[in-house]
Amino acid sequence: MIDASHLAALRLVEEDRFVATHPRSADLAEQARGPLLAGVPMPWMTRWPGRFPVFFESASGARLLDVDGVEYVDLCLGDTGAMTGHALPQVTAAIAERAGRGITTMLPSADAIWVGQELARRFGLPTWQLAMSATDANRFVLRFARHLTGRPRIAVMDWCYHGTVDETLAVLDGDRVVARPGALGPQVDVAETTAVVPFNDLDALDRRLAVGDVACLLMEPALTNIGIVLPEAGYLEGVREVTRRHGVLLVIDETHTLCAGPGGATAAWGLDPDIVVVGKPIGGGIPCAAYGLSAEVAERLSGPMLGHEIDVAGVGGTLTGNALALAAIRATLSTCLRDEDFAVAIPLAERFADGVAGVIAEHGLPWHVQRLGCRAEYWFCPPPSDGAAAAAAVDEELEGFLHLWCLNRGVLLTPFHNMALFSPHHTEADVDRHTEVFGEAVSALTSGT
Ligand SMILES: Cc1ncc(COP(=O)(O)O)c(C=O)c1O
């Protein structure tokens with residue numbers, strides 16, 4: 001439907017425009033090539049569109065300013081890490097205040113109690129632990145699950161993403177479990193560690209768990225990392241019934257689905273997991289994550305947690321649970337990601353979805369836009385019901401072009417897929433700016449075909 005050579009020609013124009021408007025970033029990117037692998041401090045930063053990454057100067061609320069003085073409406077929000085909005089004064093003040101009194105001691109600070117209580121109130125699980133990142137939290141949780149059940153495998157959804165957790169970088173190839181395309185130097189043979197099932201397929205889940213070797217099912221309640229794939233009616237209730245029947249712990253990873261509300265999809269949809277993982281925005285940008293345990297799981301784990309060798313148990317980290325992270329979570333959760341914040345952010349995401357749907361309809365494209373809470377995402381296919389269908393519709397060229405087009409017009413989208421996230425700091429004008437820019441891009445794409 002979109003002519004490839006026309007797309008390539010448009011892309012070249014956008015690349016030139018990007019280079020011309022970002023001379024300072026170009027200069028810094030050149031300097032970064034020597035001391036930094038691939039010229040960036042973290043691999044994914046190479047995924048931004050344009051010949052080099054934009055170097056950022058500052059970010060505040062829903063705005064980001066780069067080193068060339070270009071201002072953006074930030075719909076990426078640090079791929080959820082800044083879902084609260086950037087540099088919130090109350091969080092900044094709490095971080096500064098805590099930093100002035102010491103950050104890392106291996107001792108608990110009083111904020112930990114407030115944080116545990118607040119997470120329990122939001123997600124309904126009574127007992128909590130901290131981690132440095134959602135990846136870390138997931139790794140610890142998988143270990144706990146194996147310990148508690150004595151079973152060797154974990155189960156995940158096909159085309160899931162749960163961070164850089166070795167066993168989860170797995171997909172289905174027919175009936176076989178294989179390393180996810182792109183996984184570098186697989187550390188484990190996922191065919192031996194992992195069971196993979198398609199999302200929204202209860203029969204497949206039931207058949208696989210019946211084998212009896214799976215300790216836990218780690219899943220997002222809606223897939224968010226291959227576009228948004230929503231659960232079909234009754235699916236999540238079915239997952240709970242099947243996991244329970246097979247003695248498999250259900251771990252719900254709410255790192256992204258926190259966009260559904262203050263207690264994520266767990267609270268919004270009344271889920272009943274054994275373990276919940278949250279990360280990214282809960283510390284207002286300070287690296288931290290947490291995992292919550294049901295009373296039963298907590299009870300069964302409390303013995304091992306008090307053991308003399310817990311320091312080498314494979315769970316935790318020297319700086320984990322530090323006072324800075326706890327102060328940041330307290331300041332964030334007491335003032336952000338609350339009902340009143342979602343009451344602003346979710347209608348903005350609805351407005352975004354309506355705007356994008358309007359452009360798609362106007363041009364008669366077979367695309368769709370999906371939304372979950374304050375997160376919305378457009379996709380180049382009809383709504384997929386599982387990860388493989390979503391993955392099959394990925395069009396890197398088209399995606400990269402749209403991202404660059406938007407970036408060149410002051411709108412930042414997440415470098416992976418076509419996700420836009422809304423905070424209470426965005427405005428309707430921000431949303432409409434995206435709709436306008438997206439509409440122009442689609443007109444440019446379709447006018448040459
Ligand atoms: C659902 C989910 N879980 C865990 C993670 C890992 O988060 P982090 O990279 O902060 O460790 C991600 C990252 O995108 C994620 O989407």
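We count ligands from 1, going down the list as the structure has it; atoms in each ligand are counted the same way. No hydrogens, no waters, no symmetry mates; every other heavy atom, side chains included, goes into these values.
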Given side chain to side chain contact (heavy atoms under 4.5 Å, CB included), test His434 with Val431 step by step and report yes or no. CA-CA 5 Å; His434 173 271; Val431 176; 5.8 Å; no
Ligand 1-proximal atoms of [X], by part, heavy-atom distance under 4.0 Å:
X	value
Thr80	neither
Asp253	side chain
Asn225	side chain

Using the rule side chain to side chain donor-acceptor pair (under 3.5 Å), only one of His426, Arg63, His86 pairs with Asp74; which is it?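 Exactly one candidate clears the test, His86.
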Atoms of ligand 1 less than 4.0 Å from [X] heavy atoms?
X	value
Asn138	3 (N), 4 (C)
Ser133	11 (O)
Glu220	1 (C)
His256	14 (O), 16 (O)

Asp79 N/O to ligand 1 N/O under 3.5 Å: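 Min N/O separation from ligand 1 is not below 3.5 Å for Asp79.
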Does Asp136, backbone or side chain, put an N or O under 3.5 Å from an N or O of ligand 1?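 Between Asp136 and ligand 1, no N or O pair is found under 3.5 Å apart.
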Centres of the Tyr235 and Phe199 rings: under 6.0 Å?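 Under 6.0 Å, so yes.
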Taking the ring of Phe438 and the ring of Trp405, is the distance between their centroids below 6.0 Å?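 They do not qualify: ring centres at least 6.0 Å apart.
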What's the shortest distance from [atom] to any protein heavy atom, and which residue and atom give it?
atom	value
atom 7 (O) of ligand 1	Ala134 CB, 3.5 Å
atom 14 (O) of ligand 1	Lys280 NZ, 2.7 Å
atom 11 (O) of ligand 1	Thr135 OG1, 2.6 Å

Can you tell if the side chain of His162 reaches within under 4.5 Å of the side chain of Thr135, non-hydrogen atoms only?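 No, side chains not in contact.
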Is there side-chain contact between Trp114 and Leu333, with at least one heavy-atom pair below 4.5 Å?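 In contact.
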Heavy-atom count around Glu241 CD within 6.0 Å, excluding the residue itself: above 12?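 Atom CD in Glu241 is packed in, count exceeds 12.
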Given 3.5 Å as the limit, does a donor-acceptor pair link the side chain of Arg153 with the main chain of Thr194, or not?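 Yes, Arg153 side chain to Thr194 backbone: donor-acceptor pair under 3.5 Å.
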